[in-house]
S.K.: 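Quick one: structure below, then a few questions.
Since we're looking at a predicted model, the values are computed, not measured. What's counted below: heavy atoms across the whole structure, side chains too, no hydrogens, waters or symmetry copies. Letters go in sequence order (proteins before strands), and every chain restarts at 1.
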Amino acid sequence: MIENLNDRQLEAATNLDGPMLVLAGAGSGKTRVLTTKVAYLLDQKDISPKNILAITFTNKAAKEMKERIFNLIGREAFLIQISTFHSFGLKLLKENYELLGYESNFTILDADDSLTVIKKIMKEQGIDSNKYNYRAIRSSISDNKNEMVSVSEYEKFVYTDYDKVVYEVYKEYENSLKRSNAIDFDDLLLLPIKLFSEHKEVLEKYQEQYKYVFIDEYQDTNKPQYLMSKMISAKYKNITVVGDNDQAIFTWRGADYKNILNFEKDYPDAKVVILDENYRSTKTILKAANNVIKNNKIRKEKNLWTNNEEGPLIKYYKAFDEKDESGFVVKEIKKLIDDGINPNEICVLYRANAQSRNVEEAFLQSNISYRIVGSYAFYNRKEIKDLIAYLKLVHNEKDDVSLLRVINYPKRGIGSKSIENLAIESKNNNCSMYEAISGGKEEFKKIIELLKKEKDKMSLTDFVDLVLDKTGIKESLKNEHTLEADIRLENLEEFKSITKNVEEADGIVSLEDFLDELSLVSDASENQKEDEDKVTLMTMHAVKGLEFDYVFVVGVEEGLFPHLNSMNSEEELEEERRLCYVAITRARKKLYIINSRSRLLYGKVSSNVPSRFIAEIGDDLLEQEKKESIFTKKINREEMITNNDLKPGDLVKHEKYGNGVVLNIEGKIATISFTKNGVKKLLKDHKAIKKVQMEV
DNA sequence: ACTGTTCGATTTTTT
DNA sequence: ATCGAACAGT
């Protein structure tokens, strides 16, 4: 198994004991090293697979690691604890909930659920939502939790009015979750640490169990994750961490890449291995990545190199608008598929989830089958969330968030006034809203009680059917007779096919296990069959750790990538650049970069200039695609372009004066030099002036 | 007290 | 597109 490893990889994979830091550049075979090391460990040492803990960053990565270890050692691989920090945290909570004061059927709130709780609290406290944005308050609370600042500790840091609001909401938020027997995503990391700190004997048990610990993507660990790694490996100190500070893209979520830089301080006797030979990409792709990342100032110099062939130039296409952009992507992907390329080897990357729609529509029209990985997908649809809320409520009746979502859906004549009263009642009795139900709302309670009785008598899929039936969801959608309602019904059917898939794969599935999986996975693609040949669509964040032969990056424009919201500081900009580095290094054979002069996004048309990252890649690595698509033949391109944002250097065409170039803009006046008519000062927004694209 | 309609604001990235 | 607030109607 250790054949074919290079010297450094071999060194990393065979030094089994003690702390080790593996600085692994993109595509340098770090997953290979990790999986080999695990297999070698089991071969050499007298330990059980159950003594190994391996933490990855995404569920997808965990799944892949399991498969690769399975290929090396067979079925024993499934006994190894391989999971994300969050699912490992959940496992710890499932095993120790009493010690932390929870009941066994606790609910996990996702980010949307947390927001609902926060909205409710802010309304109750009479906080003006125009002055204090719900989302801002939520992220402040989450930031505190990720920095491990508790409510009582935060009280000491309250200075401004804003702090005061955050404090009050934070306090009530924590109380409210406790009343609902609920935890949020941050708690999945925080509660295990609380458990370990307060119950040394429990910590010791886990230290004894997980004698060997592996942490992937260590540069993206936040404080609780860092602590969890440290605590659990403190006894034997057999901890191997792998990462690359050039790929730190989650600092906005509290991740601190200094964790990886400080590893040698934490463990002075740590062995350090640097993997800098890239086996994945062509020389061209790697050069592009290096050209981009070297612009970062806060960075440890590093030189990733490859012996792979030069490979084709990066294809660069400047589109007119988002339709032209997706048209180009479709055209190129069709070419690849016609050449016999498997669609599984193609992926399309974007900065924001909202961009997926544009590509999706083009794929639908041209019958390219695709899968979308990401949070705007299936589970975020209203009808699916409604159904899940019922399931969650059946599982944990104290789940106020779910109750609020469905108590009046479908309409049962329970309006805001009744709900308000219910909330007051529950507050007064310090109980959940469900427990406070009385009078006219009993009908709702009866439905839930009935479902509770039935849930263990049938398969999960049948139970979902029963829920749709008894709650009246199905009926109310059927009665709508609109296209929208039909789509919602179809999605609910799709949900049943997911539960069916899960049941077929895992045998009988309990509601609890299914809900756990839902809240951690939050992505339908994980539960879909993966054996079909499909092009993958996802964000650049989600693609971390994966690789494809052909990678398309769309929307490479200033404002979108780097994102406008990330242009406030040099640090944020450097993180965008690392994201660009991650995106580029996903490609094995060929990279495509596409941007658009104008695009419709979030219901608005915006016009953007090409991203600075394209200039950083450098012209000599780019091959610009000429506009020869059907699109140009149909539409007079000059009509496509508005003159609303003339800048010095732009080429223009004037109805009377002909072609010219903009020399200067002062307020509304543009100074333009015309080829045949000399320099003129004109109103820049005059309709006689049209901006002309610069290339052929 | 609940329902329906309209208008306006709002959307980075994830476990 | 979706959600919430505000208002009018039942």
S.K.: Is A:T58 touching bases, backbone alone, or none of the nucleic acid, heavy atoms closer than 4.0 Å?
M.R.: sugar-phosphate
S.K.: Under the side-chain hydrogen bond (donor to acceptor under 3.5 Å, both in side chains) test, which residues partner A:S176, sequence neighbours left out?
M.R.: none
S.K.: Under the salt bridge (Lys or Arg N to Asp or Glu O under 4.0 Å) test, which residues partner A:E124, sequence neighbours left out?
M.R.: A:K120, A:K427
S.K.: Classify A:F57 by what it touches in the nucleic acid, base, sugar-phosphate, or nothing, heavy-atom distance under 4.0 Å.
M.R.: sugar-phosphate
S.K.: I want to verify a distance call: between B:dT12, B:dT14, B:dT15, whose nearest atom is closest to the A:S566 side chain?
M.R.: B:dT12
S.K.: Between A:R135 and B:dT11, is there a contact of a side-chain N or O with OP1 or OP2 at under 4.0 Å?
M.R.: yes
S.K.: Select one nucleotide: of B:dT12, C:dC3, B:dT14, the one nearest the side-chain heavy atoms of A:N565.
M.R.: B:dT12
S.K.: Test of understanding: with ring-ring contact (aromatic ring centres under 6.0 Å, His included), list the residues that count as partners of A:F495, not counting sequence neighbours.
M.R.: A:F514
S.K.: Nearest whole angstrom, please: distance from the P of C:dC3 to the NZ of A:K120.
M.R.: 20 Å
S.K.: Closest approach to the side chain of A:Y134, judged atom by atom: which nucleotide of B:dT14, B:dT12, C:dA5 is it?
M.R.: C:dA5
S.K.: Is A:K119 close enough to C:dC3 that one of its side-chain N or O atoms is under 4.0 Å from OP1 or OP2 there?
M.R.: no
S.K.: Tell me every residue that passes ring-ring contact (aromatic ring centres under 6.0 Å, His included) with A:F363, counting only those two or more places apart in sequence or in another chain.
M.R.: A:Y370
S.K.: Could you write out each protein N or O paired with an N or O of nucleotides 1-3 of chain B at a distance under 3.5 Å?
M.R.:
{"unit_1": "B:dC2", "atom_1": "OP1", "unit_2": "A:G415", "atom_2": "N", "d": "3.1"}
{"unit_1": "B:dC2", "atom_1": "OP1", "unit_2": "A:S418", "atom_2": "OG", "d": "2.2"}
{"unit_1": "B:dC2", "atom_1": "OP2", "unit_2": "A:K417", "atom_2": "N", "d": "3.4"}
{"unit_1": "B:dT3", "atom_1": "OP1", "unit_2": "A:G413", "atom_2": "N", "d": "3.3"}
{"unit_1": "B:dT3", "atom_1": "OP2", "unit_2": "A:N408", "atom_2": "ND2", "d": "3.3"}

S.K.: Once you apply a heavy-atom cut-off of 4.0 Å, does A:K544 come out as touching a base, just sugar-phosphate, or nothing?
M.R.: nothing
S.K.: Write out all pairs satisfying salt bridge (charged side-chain N to carboxylate O under 4.0 Å, His left out) with one or both partners inside residues 399-416 of chain A, taking only residues at least two apart or from two chains.
M.R.: A:D386-A:R405
